Amino acid sequence: MKEETWKTAITKVEPNKLLLRGYRIDELMGNITFAQAVFLAIKGELPSEKEARMIDAMLVSSIDHGVTPPSCLSARTIASAGSPLNAALAGGILAISKHHGGAIEDSMKVIQEAVRRKREMNKTEEEMAHIILTEYKEKNKRLPGFGHRIHTKDPRTIKLFQIASDLGIAGEYVGMAKALEDAMEQSSGKRLPINVDGAIGALLCEMQFPSELANAFFILARIPGLVAHVYEEQTRMKPMRFINPKDHEYDGIPERKL
């Protein structure tokens, strides 16, 4: 009995020809950026110039955050044990979950719900933000995408929102994220800033990405940094060492300007 043929709409492979979402890959090469190719592969269409610049900035914003995140510690520990690059990378990626990178998806869901309810209830952003915050406080839950263990004012968020504003991408989702930030400050008297996860979440909402794909962008962004850490561990450090994330110092190139 013949097996039923299953379908895929992503890539068509023929002798001497590769089509990604209908475009020849050899024609895309040299004509679009990697960020544009990422958008095309995931969404099925090429991004606008503004969307491409926004995606590129988002990927750069999360490329690395030092040796302390769980993904980096996992990757370096596995590399220290003598495992190859792919195994160490896989371990680092597997450490990206609910409490490390996962806030992007959670923040998208909160912002999407807030915007939807704002429209349905005919509320202002400020009114809806206070309603959402009150509901979370009553459930003793913390709003995802706000606050950072190191940064009191995440420079990546500031830059991402500036770029989004310049490109005309920042809309009601970014506005809602900022309204939630203001509502928390008015409620507690302390400003808990939008972190890079919350900023990326708001911008993915603006570009109509489903929340289920949120972690994909964090993983895509973080892989180059993990590669650098794994290679450094393999080539610079002694094997099987105890890695204390607090017991390190930076000895790389001092701050420099573009």
Side-chain angles (χ1 to χ4, degrees), residues 50-51 53-55 57-62 65-66 68-70 96-215 217-218 221-222:
K50 294 180 178 181
E51 288 172 325
R53 289 178 60 189
M54 194 75 258
I55 292 291
M58 286 163 50
L59 292 175
V60 172
S61 74
S62 295
H65 200 271
T68 60
I96 297 172
S97 190
K98 182 177 181 180
H99 302 299
H100 174 37
I104 300 176
E105 180 176 351
D106 292 338
S107 64
M108 284 184 74
K109 290 177 179 177
V110 171
I111 294 169
Q112 287 169 341
E113 179 190 1
V115 169
R116 176 184 60 79
R117 291 174 62 187
K118 175 182 78 73
R119 295 169 180 170
E120 292 176 351
M121 299 168 66
N122 196 28
K123 298 288 186 180
T124 65
E125 289 176 347
E126 293 73 20
E127 290 170 336
M128 197 67 242
H130 281 284
I131 291 172
I132 294 291
L133 180 60
T134 299
E135 292 174 351
Y136 266 71
K137 290 179 71 173
E138 288 174 351
K139 297 175 183 177
N140 198 28
K141 292 174 64 178
R142 180 180 175 180
L143 280 172
F146 296 86
H148 196 281
R149 59 191 175 86
I150 295 175
H151 308 299
T152 57
K153 198 173 184 181
D154 199 323
R156 300 167 296 179
T157 295
I158 297 169
K159 186 66 174 182
L160 283 173
F161 282 171
Q162 177 191 327
I163 293 171
S165 178
D166 292 344
L167 294 174
I169 287 176
E172 58 183 341
Y173 294 102
V174 169
M176 182 57 70
K178 292 181 177 181
L180 287 167
E181 181 182 51
D182 291 339
M184 284 191 285
E185 182 177 22
Q186 293 167 15
S187 175
S188 66
K190 180 180 178 181
R191 193 158 189 87
L192 201 61
I194 304 168
N195 57 40
V196 72
D197 292 341
I200 290 174
L203 294 170
L204 288 174
C205 288
E206 297 286 8
M207 291 183 283
Q208 302 300 308
F209 280 96
S211 59
E212 293 83 0
L213 291 177
N215 249 13
F217 286 91
F218 188 81
R222 195 51 64 97

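Just so it is clear, the structure is predicted and the values come from calculations on it, not from any experiment.
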[atom1]-[atom2] distance between [X] and [Y], expressed to the nearest 0.5 angstrom:
{"X": "H100", "Y": "D197", "atom1": "NE2", "atom2": "CG", "result": "9.0 Å"}
{"X": "Q208", "Y": "E51", "atom1": "CD", "atom2": "CD", "result": "9.5 Å"}
{"X": "L203", "Y": "T157", "atom1": "CG", "atom2": "OG1", "result": "9.0 Å"}

Testing the basics here: between [X] and [Y], what is the closest heavy-atom pair and its distance to 0.1 Å?
{"X": "G101", "Y": "N215", "result": "O-OD1, 3.1 Å"}
{"X": "F146", "Y": "N195", "result": "N-ND2, 3.5 Å"}
{"X": "E181", "Y": "I194", "result": "OE2-N, 2.9 Å"}
{"X": "P69", "Y": "G66", "result": "CD-O, 3.3 Å"}

Would you say that [X] contacts [Y] through its side chain, given a criterion of any heavy-atom pair below 4.5 Å between the two side chains?
{"X": "E206", "Y": "V174", "value": "yes"}
{"X": "I200", "Y": "S61", "value": "yes"}
{"X": "I169", "Y": "K50", "value": "yes"}
{"X": "M58", "Y": "M207", "value": "yes"}
{"X": "I132", "Y": "L143", "value": "yes"}
{"X": "S62", "Y": "V196", "value": "yes"}
{"X": "L160", "Y": "M54", "value": "yes"}
{"X": "M176", "Y": "C205", "value": "no"}

Verdict with supporting geometry, R53 and I163, side-chain contact (heavy atoms from CB on, under 4.5 Å) | CA-CA 9 Å; R53 289 178 60 189; I163 293 171; 5.6 Å; no
Who are the salt bridge (charged side-chain N to carboxylate O under 4.0 Å, His left out) partners of [X], not counting sequence neighbours?
{"X": "E120", "answer": "R116"}
{"X": "K118", "answer": "E172"}
{"X": "E185", "answer": "R191"}
{"X": "E135", "answer": "R117"}

Would you please name every residue forming a ring-ring contact (aromatic ring centres under 6.0 Å, His included) with F209, sequence neighbours left out?
-> F39, F217
Step by step, work out the side-chain contact (heavy atoms from CB on, under 4.5 Å) result for E125 and K178.
-> CA-CA 9 Å; E125 289 176 347; K178 292 181 177 181; over 6 Å; no
Using the side chain to side chain contact (heavy atoms under 4.5 Å, CB included) rule, pick out the option among E138, K137, K139 that qualifies with K141.
-> K139
Anything under 3.5 Å between a donor and an acceptor, one on a side chain of residues 104-112, the other on a protein residue two or more places apart or in another chain? List them.
residue : atom : partner : partner atom : Å
E105    : OE2  : K109    : NZ           : 3.2
S107    : OG   : A103    : O            : 3.0
S107    : OG   : I104    : O            : 2.9

For the pair S165 (side chain) and F161 (backbone), establish whether a donor and an acceptor sit closer than 3.5 Å, ignoring hydrogens and angles.
-> no
